[in-house]
Amino acid sequence: QSCRFGDRLCCTVDIDEDCKSCIIPKLVLQPIIENSIKYGFKKKMNIKIDIRGFMSGNILILSIKDDGLGMPAKSAILLSESLGEIYPRSGSYGLHHISRWLYLRYGSMSGIEIKNCDGVGFEVVLKVMQSMEG
């Protein structure tokens, strides 16, 4: 994507050292980052994406935050509500499937939370419960 968008796309990655022993599914961040790019560039010429990882107890927190325009508040509420359902209402199948898979694989403390700032940006937070076994 850097080749495609050049200086128009800025991506920073900040993963805490204690996250490196955590196990997560391959490519779980890819569709979320692609959504940031796809929807971010719809109405802006430049996009900044910040990817952050840290531990909160035994839960791995991964945040993908962009400075796109976010989504309308009503749409964000519907999306957030649908992430907890067994079947998606419509659209956002990627986020729904990731959320459901994390919940089923890692338990009720795992899943996706969205934080929308209409006109300012969008953040997807993944929570992945890590086993206490060594």
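Start at 1 with the first residue, then count along the sequence.
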Identify, with sequence neighbours excluded, every residue that meets side chain to side chain donor-acceptor pair (under 3.5 Å) alongside [X].
{"X": "Asn35", "result": "none"}
{"X": "Thr12", "result": "Asp50"}
{"X": "Lys44", "result": "none"}
{"X": "Ser99", "result": "none"}

So the salt bridge (charged side-chain N to carboxylate O under 4.0 Å, His left out) pairs with at least one residue in residues 95-123 (sequence neighbours excluded) are Glu113-Lys127
In short, salt bridge (charged side-chain N to carboxylate O under 4.0 Å, His left out) pairs touching residues 22-39 with sequence neighbours left out are none
> For the side-chain contact (heavy atoms from CB on, under 4.5 Å) test, which of Ile32, Leu9, Asp67, Val13 pairs with Ile49?
Replying inline: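 Among Ile32, Leu9, Asp67, Val13, the one meeting side-chain contact (heavy atoms from CB on, under 4.5 Å) with Ile49 is Leu9.
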* Phe54: what forms a ring pair (Phe, Tyr, Trp, His ring centres under 6.0 Å) with it, not counting sequence neighbours? ->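 Scan of Phe54 (ring pair (Phe, Tyr, Trp, His ring centres under 6.0 Å), adjacent residues dropped) gives none.
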Restricting to side chain to side chain contact (heavy atoms under 4.5 Å, CB included), what partner residues turn up for [X], sequence neighbours left out?
{"X": "Met55", "value": "Asp18, Cys19, Cys22, Leu60, Gln130"}
{"X": "Ser75", "value": "Met71, Pro72"}
{"X": "Asp14", "value": "Asp16, Arg52"}

With sequence neighbours left out, the residues meeting salt bridge (Lys or Arg N to Asp or Glu O under 4.0 Å) with Lys20 are Glu17
Smallest heavy-atom separation, Ile64 atom then Ser36 atom, equals CG2-OG, 4.0 Å
Quick note, ring-ring contact (aromatic ring centres under 6.0 Å, His included) partners involving residues 14-49, not counting sequence neighbours, are Phe5-Phe41
